[in-house]
Amino acid sequence: MKGGNVSQTVLITGGTSGIGLSIAQSFLETGASVVVCGRSQAALDRFAQAHPQALAVRADVTDPADRAALLSAVAERFGGLDVLVNNAGTFEERDFAAGPNPNATLDDEVALNLTAPIHLTGEVLERWPSPDAIVFVTSGFALVSPTRAPTHGAVKAGLHGFADGLRRQLARRGRTHVLEVLPPSTDTPMNAAATGKKLSPDQVAAVTMNALRRRRNMAFPGQTKVMPAMLRIAPEFLRRVVSGL
């Protein structure tokens with residue numbers, strides 16, 4: 001992140017609710033110029049009313065024309081982009097042992113959670129080759145796939161792999177920071193029906209901002225911070241815990 005009072009322009013996908021909204025508000029508090037996008041016009045209108053200094057754009061990031069229009073809107077309003085936060089995503093439960101094929105919405109899940117952020121990242125880098133930072137909000141499930149949602153684990157693991165390889169590629173240019181954020185179950189509209197302990201979106205945003213300041217490769221909010229150590233010393237125990245999530 002830029003130091004001092006130098007303002008950044010930040011684009012957050014899915015920035016009108018949940019983790020994305022908390023990250024957007026955190027950047028606004030630093031004085032950044034913030035752009036959010038989403039598919040719900042009502043949510044965009046609420047964001048724009050609460051934050052008139054920001055830009056709220058209706059865009060489906062799985063649609064190539066929408067992505068192009070979104071980046072053109074960023075360029076027209078702010079001239080460039082310093083930080084991309086790939087946050088938009090969904091969670092789909094699928095039971096392959098139940099009998100009926102559960103894959104009716106699989107292409108939509110893969111498009112939103114995996115291919116859209118890869119496409120958008122490539123398109124941002126084509127326009128602005130050296131941004132300050134690119135952030136990927138994945139999940140603790142990127143490291144251990146949940147039993148009730150194996151395709152969610154698969155797409156998040158895929159995005160985790162992309163972030164890892166991209167980080168090494170961009171390191172050759174020297175300055176773009178690639179951060180992966182791996183939150184646990186978080187109290188967002190997407191997880192409204194989930195039971196058990198949930199982290200607040202504000203907590204995830206605080207960890208994200210701290211990791212950006214410290215130029216960390218990965219950020220582990222809440223209970224996910226024990227996952228790297230558990231995968232080394234007790235991987236089967238961790239998988240048993242995740243199997244119940």
Side-chain angles (χ1 to χ4, degrees), residues 1 12-27 29 83 85-95 109-110 112-114 117 133-167 177-245:
M1 296 177 67
I12 301 131
T13 67
T16 60
S17 68
I19 292 171
L21 176 58
S22 289
I23 291 175
Q25 291 169 334
S26 295
F27 272 110
E29 289 170 2
V83 180
V85 181
N86 287 294
N87 166 75
T90 187
F91 184 94
E92 300 281 347
E93 293 189 16
R94 302 183 193 278
D95 189 348
E109 180 186 13
V110 174
L112 181 58
N113 285 351
L114 180 60
I134 299 173
V135 181
F136 297 92
V137 180
T138 64
S139 168
F141 291 139
L143 304 183
V144 181
S145 189
T147 303
R148 63 192 169 102
T151 57
H152 182 78
V155 291
K156 291 300 187 180
L159 198 57
H160 165 74
F162 176 69
D164 184 48
L166 179 70
R167 183 180 297 113
H177 173 202
V178 176
L179 169 65
E180 180 184 2
V181 183
L182 298 91
S185 182
T186 306
D187 190 11
T188 67
M190 185 176 70
N191 292 322
T195 59
K197 184 178 181 181
K198 300 178 190 177
L199 206 63
S200 76
D202 287 349
Q203 288 174 291
V204 177
V207 171
T208 300
M209 300 300 287
N210 184 58
L212 280 168
R213 285 190 292 269
R214 296 176 177 270
R215 297 187 69 82
R216 304 293 193 198
N217 289 343
M218 302 172 76
F220 296 92
Q223 56 266 45
T224 61
K225 64 186 175 184
V226 305
M227 290 188 76
M230 292 295 291
L231 281 169
R232 290 194 303 271
I233 63 176
E236 289 307 315
F237 173 77
L238 181 59
R239 289 186 179 94
R240 285 198 299 272
V241 171
V242 172
S243 71
L245 298 177

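Keep in mind that the numbers below use all heavy atoms, side chains included, and drop hydrogens, waters and symmetry copies. Every value quoted in this text rests on a predicted model; they were computed, and no experiment measured them.
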Chemist: List the residues meeting side chain to side chain contact (heavy atoms under 4.5 Å, CB included) with Pro117, not counting sequence neighbours, and say none if there are none.
Modeler: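 For Pro117 the side chain to side chain contact (heavy atoms under 4.5 Å, CB included) partners, ignoring immediate neighbours, are Asn86, Leu159.
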Chemist: According to the interplanar angle, ranging from 0 to 90°, do the rings of Phe91 and His152 count as parallel (below 30°), tilted (30 to 60°) or perpendicular (above 60°)?
Modeler: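 Rings of Phe91 and His152: tilted, 30 to 60°.
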Chemist: Only one of Glu92, Lys156, Glu109 passes side chain to side chain donor-acceptor pair (under 3.5 Å) with Thr151; say which it is.
Modeler: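 Testing each of Glu92, Lys156, Glu109 against Thr151, the sole residue satisfying side chain to side chain donor-acceptor pair (under 3.5 Å) is Glu109.
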Chemist: Holding to side chain to side chain contact (heavy atoms under 4.5 Å, CB included), I want the full list of residues that pass it with Asn217, two or more places apart in sequence or in another chain.
Modeler: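 With neighbours one apart ignored, the set is Arg167.
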Chemist: Going from CD1 on Ile19 to OG1 on Thr208, what distance comes out if it is rounded to the nearest 0.5 angstrom?
Modeler: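 It is 7.5 Å, given to the nearest 0.5 Å.
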Chemist: Taking all non-hydrogen atoms of both residues, which atom of Pro221 and which atom of Leu182 are closest, and how far apart?
Modeler: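 Reported closest heavy-atom pair: CD-O, 3.4 Å.
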Chemist: If I compare all heavy atoms of Ala142 with all of Ala157, which pair ends up nearest, and what's the gap?
Modeler: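 Scanning both residues completely, I find the closest heavy atoms to be O-CB, 3.5 Å.
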Chemist: When rounded to the nearest 0.5 angstrom, what distance separates CZ in Phe162 from OG1 in Thr138?
Modeler: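 Phe162 atom CZ to Thr138 atom OG1 measures 13.0 Å (nearest 0.5 Å).
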Chemist: Shortest non-hydrogen contact from Gly153 to Ser145?
Modeler: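 That closest heavy-atom pairing would be CA-OG, 3.4 Å.
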Chemist: Output all residues satisfying side chain to side chain contact (heavy atoms under 4.5 Å, CB included) with Ser26, sequence neighbours left out; order by chain, then residue number.
Modeler: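 Only Ala205, Met209 meet the side chain to side chain contact (heavy atoms under 4.5 Å, CB included) criterion with Ser26.
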Chemist: How far apart are the closest heavy atoms of Val137 and Val85, and which atoms are they?
Modeler: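 Taking every non-hydrogen atom into account, CG2-CG1, 4.4 Å.
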Chemist: According to salt bridge (Lys or Arg N to Asp or Glu O under 4.0 Å), who are the partners of Glu236, at least two apart in sequence or on a separate chain?
Modeler: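 Partners of Glu236 by the salt bridge (Lys or Arg N to Asp or Glu O under 4.0 Å) criterion, ordered by chain and then number, come out as Arg239.
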Chemist: Between Val181, Asp164, Val178, which is the residue that forms a side-chain contact (heavy atoms from CB on, under 4.5 Å) with Phe136?
Modeler: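 Testing Phe136 for a side-chain contact (heavy atoms from CB on, under 4.5 Å) against Val181, Asp164, Val178 leaves exactly one candidate, Val178.
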Chemist: Please check: side-chain N/O of Thr13 versus main-chain N/O of Asn87, any donor-acceptor pairing under 3.5 Å?
Modeler: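 Pair found, side chain donor or acceptor close to backbone of Asn87.
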Chemist: To the nearest 0.5 Å, what is the distance between CG on Leu21 and CD1 on Ile12?
Modeler: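 Between Leu21 CG and Ile12 CD1, I get 9.0 Å after rounding to 0.5 Å.
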Chemist: Could you report the tightest heavy-atom contact between Gly15 and Ala24, atom names first, then the distance?
Modeler: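 Looks like O-CB, 4.2 Å.
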Chemist: What heavy-atom pair brings Leu212 and Ala133 nearest, and what distance separates the two atoms?
Modeler: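 Nearest heavy atoms, Leu212 then Ala133: CD2-CB, 3.9 Å.
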Chemist: Got a sec, which residues hit side chain to side chain contact (heavy atoms under 4.5 Å, CB included) with Ala211, two or more places apart in sequence or on another chain?
Modeler: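 Side chain to side chain contact (heavy atoms under 4.5 Å, CB included) list for Ala211, sorted by chain: Leu179, Arg216, Ala219.
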Chemist: Could you pull out all residues at least two apart from Phe220 that satisfy ring-ring contact (aromatic ring centres under 6.0 Å, His included)?
Modeler: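 Residues passing ring-ring contact (aromatic ring centres under 6.0 Å, His included) with Phe220: none at all.
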Chemist: For a 4.5 angstrom cut-off between non-hydrogen side-chain atoms, does Leu231 reach Val144?
Modeler: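 Sidechains of Val144 and Leu231: in contact.
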